[in-house]
Amino acid sequence: MSDFPTNAPTGATDDLHATTTATGTVAGEVVRAVVTGVPDRVSTDGLEAKYDALWAEQGTYAFDRTRTREQVFSIDTPPPTVSGSLHVGHVFSYTHTDVVARYRRMRGLEVFYPMGWDDNGLPTERRVQNYYGVRCDPTLAYVEGFEPPQVGGEGKSVKAADQVPVSRRNFIELCERLTSEDEKQFEALWRRLGLSVDWAQHYQTIDARSRTAAQRAFVRNLARGEAYQAEAPGLWDVTFQTAVAQAELEARDYPGHFHKVAFHRGAAGDGTVPAEKVFIETTRPELLAACVALIAHPDDERYQHLFGTTVRSPLFDVEVPVLAHPAAEPDKGAGIAMCCTFGDLTDVQWWRELQLPTRSIIQRDGRLVRETPDWITAESGRAVFAEITGKTTFSARQVVVDGLRESGDLDGEPVATQRKANFFEKGDKPLEIVTSRQWYVRNGGRDWTRPGVTSDLRTELLTRGTELEFHPDFMRVRYENWVGGLNGDWLVSRQRFFGVAIPLWYPVLEDGTVDHGHPLVPSEDVLPVDPSSDVPAGYTADQRGEPGGFVGENDIMDTWATSSLTPQIAGGWEVDPDLFERVFPMDLRPQGQDIIRTWLFSTVVRSHLEFGTLPWKNAAISGWILDPDRKKMSKSKGNVVTPMGLLEEHGSDAVRYWAASARLGTDAAFEVGQMKIGRRLAIKILNASKFALSFGLDAESGTGEIVLDPAHVTQTLDRAMLAGLADVVERATAALESYDHTRALEITETFFWTFCDDYLELVKDRAYGAGATASDVSDETRSARAALAIALDTLLRLFAPFVPFATEEVWSWWRASEGSIHRVAWPVPDAARAAAQGADPAVLASAGHALAALRKVKSAAKVSMRTPILAANVAVPAVSLAGVQAAVVDVRNGGRVTGTLELVEAAEGQGDAAVQGGIVVVACELGEPEARRKA
RNA sequence: GGGCCUGUAGCUCAGCUGGUCAGAGCGCCACGCUUACACCGUGGAUGUCGGGGGUUCGAGUCCCUCCGGGCCCACCA
């Protein structure tokens, strides 16, 4: 990918931007809207394609990079893994982000909303291998114009032997080729969902810009002493044959057996001490040959006499010391442990602290070494080992256990046990511990303070955690637990082939050995480099691997080493400084809770080390999608219900509604029912809007002018409705400000249904203004029409972040000249409140209850709602009486009361406040149910 | 073993700093083709707010405890 695309605003986008400032109804000004193009029959079908195209054409979501940092709201969007497939969980969480983006945009902020694609890492590597039938071999040279042996080996894996080895650069090119296809599909889905992403702002985690950023960050870490290499025992995956970081660990149940094994203590030559068997218990008897000591707790009574002496191992007959160490737990196993190099991390601790020798027998492929080790000197021991050389740990265990049983050193039979073992999250064999040279970046996992700084890095990072606003707040605990529990620095090197290379070379000394201690570092201006093909400064290509020459670092970086830089990559760090200063530090990082320890934390580390700041102010954490049976929705199940299928079946607004109904940080059920409700809401918005805009239009053309003039709103009921709406605006805004989109939606939705069911029913007769012409309407009619238009204007804006397609459709019927609704201002309560003239919102509630009471009579009488009421006596609680009276004309119209409507104050205890606000129809005379006249 | 979240009508969930908080929608029942909407409308029924203690004049709402569900970390002898 080339340089960051610039977005010089076009004329069209310029106009749209201009409308982001508060104007019209939002500012309480008079707006004259021309209604055109309201369809006879509304539908949500096809809105996605129609408006996606329009938004793209008009650049509705294009980022205007003339804005300053204070005017920008920047989002560090999670780059989805393109080699996987999107599932409903993605739709869910990305919708949350989009709601925030749309809200902030309407608040007048210029939203920087990029999209990245994560094509780094093992899933892509495997997919490229199978798709093209190749594998990456970094030792090979780049081949210009390489064509893979096959294209489209989808689904079936190609045997390693049949894969054609290619250079890393060729492999990366194939990756980019393949993922660009995936990206098209992903983009199509996101567009259909209505994400207001600026599609000009996108990146791939393997593209040149990302590789440059990752290498630049690493080189700078190195220069500041934050990156270092060390030769040390570490967790190792034998399947993938790579080192694994703490963050990639997963503890899983793993079946094993306890073996009670005897070590032998010989009798003292002078006969003062008798021969003794010392029993240990182990689940890894195959490591017996790697034993370097037996270790018990210093206070353990049982072993006091053994400390400082030696014992001999069974079968191999190797002498090992018995030592004391507080990490030994007396109540575990036999209380005395066999320390091997290396069975687990405790062994590493003992080995390090007690300065034990290294006796490694497990190779990087998970098999035992092929040569019998020299520390086994006894003939019998060497003979036993010869039987297990080159075997897998599993086979070796069989041999050793059989041998122990035969020699009588196995006490009893192995006892089955269920233990926890560490696994690489993508692997299926327990991790081994092998010694290797690796690169690390400091992350507070080990004590470290920077030169000239007194604070410890871990403390600094914990402080950053307190500065970051987590939504919901309790997610911070996960960050703190993780940072507090780190037990080592961040292992960033991986012994894989596909990924961003560690940008280093090493000198080869005259004797042919590689001098890892003095890496050759590229200057930043030549990045990105691939050390396997590029040549360090001052050397020539033919010096590669030669004495006096150089070798390239073969390792690549952890995928998180790139992903931890997404704000820098998307923001154009060092590539586009002008952009970077307008968007960084970013405002928001949305992400899943499962990657707080990886993505979130590593991004904080990188930003802290490089800039001494947080990478963003807010972190919005979405929950999981659960199956109806309350289990986390599995990938397989999630793929059965494809996101695109969902959108096609229910409509994007509907699916968004379902997603937006779930709070941040809370798991949500996959609920088709919620989507149906969302669809209903979208359709209701279309229908109610069509109705609210229909009054006073020219009957012939269906067009006309609607005047949104607060001064026209003179009637109490209309003012009360707007007073209620003002409260809704205030509360919904407060909710969105605190990242509580669910609440904002709920508040708006509740009001909207009241607006439809009660207010619209109450005022429609008055709004029709029977007999009135367009130019000559009564004040009452004009008031209803203005109130309807103002309310609709506000409601559409409130709904726009959640239901972007239906609201845009309605907007297009009467406000198209103002551009997209998604670029107009978010409403403020003041405008509606001013129009309400201090009216009490309760008037609408009271009138609505009165209407409901009248409807109840008809419902109970099983007659149509059109049935006229000839006369009625209605008891109204004192608190509501004035309100009902103030809107009595509308109540009569809504209830089709043709005769007398007598309102009396309800007696104490008359009516139930929970039912129609306590309003009771005491007596009622129904007219002829005209609905019965069927053709 | 440590920690976080969660348990409210059949289902999905609201109930914010303790006092109309016992709610919404779906589903269910009955009715209704009303000049926006049958992809609809109107009305109705539904719960010892997981169990048990406690604080309080008063507790889904605070405290303790137990039980159930989900998740994170630690635990590899």
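As the structure is a prediction and not an experimental result, all values here were calculated from the model.
One P atom belongs to B:A30, the other to B:A45, and the distance between them is 15 Å to the nearest Å. B:C72 and B:U20 have their C1' atoms separated by 41 Å, with the value rounded to a whole Å. Separating the P atom of B:A14 from that of B:C57 is a span of 32 Å, rounded to the nearest Å. Atom name P, nucleotides B:U17 and B:G52: the rounded distance is 24 Å, in whole Å. Comparing the C1' positions of B:C28 and B:A36 gives an interatomic distance of 27 Å, to the nearest angstrom. When the C1' atom is compared between B:A24 and B:G47, the two are found 14 Å apart, to the nearest whole Å. A distance of about 45 Å separates the C1' atoms of B:C75 and B:A22, rounded to the whole Å. Nucleotides B:A38 and B:C31, compared at atom C1', are 14 Å apart to the nearest Å.
In terms of modelled atom types and a separation under 3.5 Å, the side chain of A:Asp653 and the main chain of A:Ala806 share a donor-acceptor contact. Put simply, the side chain of A:Ser859 never gets that close to the backbone of A:Lys856: no donor and acceptor are under 3.5 Å apart. Side chain of A:Lys684 to backbone of A:Trp753: no donor-acceptor contact under 3.5 angstrom is found. Using modelled atom types, one side-chain atom of A:Thr781 and one backbone atom of A:Arg766 make a donor-acceptor pair closer than 3.5 Å. With hydrogens and angles disregarded, a donor-acceptor distance shorter than 3.5 Å links the side chain of A:Arg476 to the backbone of A:Leu468.
Using a 4.0 Å heavy-atom criterion, one finds that A:Phe258 contacts the sugar-phosphate atoms exclusively. When heavy atoms are screened at a 4.0 angstrom cut-off, A:Ala251 is found touching base atoms of the nucleic acid. In this structure, A:Thr283 reaches the sugar-phosphate backbone alone: every heavy-atom distance under 4.0 Å involves primed, P, OP1 or OP2 atoms, never a base. Contact annotation for A:Arg41: backbone-only contact, meaning every heavy-atom pair under 4.0 Å involves sugar-phosphate atoms and none involves a base. Among the heavy atoms of the strands lying under 4.0 Å from A:Glu329 is at least one base atom, whether or not backbone atoms are also near. Base contact: A:Ile683 has a heavy atom under 4.0 Å from a base atom. Contact annotation for A:Cys756: base contact, defined as any heavy-atom pair under 4.0 Å involving a base atom.
One finds no side-chain N or O of A:Arg252 lying less than 4.0 angstrom from the OP1 or OP2 phosphate oxygen of B:C75. For the pair A:Lys764 and B:U34, the criterion of a side-chain N or O lying under 4.0 Å from OP1 or OP2 is not met. Remark: A:Thr346 is in phosphate contact with B:C76, judged by side-chain N or O atoms under 4.0 Å from OP1 or OP2.
Atom CG of A:Leu431 and atom CH2 of A:Trp236 lie 11.0 Å apart (nearest 0.5 Å). Distance check: A:Asn687 CG to A:Arg680 CZ gives 12.0 Å after rounding to the nearest 0.5 Å.
For CZ of A:Arg731, the number of neighbouring non-hydrogen atoms (other residues, nucleotides, ligands) closer than 6.0 Å is 12 at most.
Rounded to whole angstrom, the span from the CD1 atom of A:Ile625 across to the P atom of B:G70 amounts to 17 Å. Between the CD atom of A:Glu480 and the P atom of B:C73 there is a distance of 16 Å, given to the nearest Å. Across the protein-nucleic acid pair, A:Lys858 atom NZ and B:U34 atom P stand 13 Å apart, rounded to whole Å.
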Would you list the protein and nucleotides 41-44 of chain B atom pairs, both N or O, that sit under 3.5 Å from each other?
unit_1 : atom_1 : unit_2   : atom_2 : d
B:G41  : OP1    : A:Lys684 : NZ     : 3.2
B:U42  : OP1    : A:Asp757 : OD1    : 3.4
B:U42  : O3'    : A:Arg855 : NE     : 3.2
B:U42  : O2     : A:Ser859 : OG     : 3.4
B:G43  : O4'    : A:Ser859 : OG     : 3.3
B:G44  : OP1    : A:Lys856 : NZ     : 3.3

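Pair assignment for B:G43: B:C29, on the basis of Watson-Crick or G-U wobble contacts that are both within less than 3.5 Å. Nucleotide B:A14 forms a pair with no other nucleotide shown, judged by Watson-Crick or G-U wobble geometry with both contacts under 3.5 Å.
Candidate nucleotides B:G3, B:G15, B:C71 were compared by shortest atom distance to the side chain of A:Arg478, and B:C71 ranks first.
One N or O donor and one acceptor, one from the side chain of A:Arg679 and one from the base of B:C39, sit under 3.5 Å apart.
The distance between the ring centers of A:Phe92 and A:Trp624 does not fall below 6.0 angstrom.
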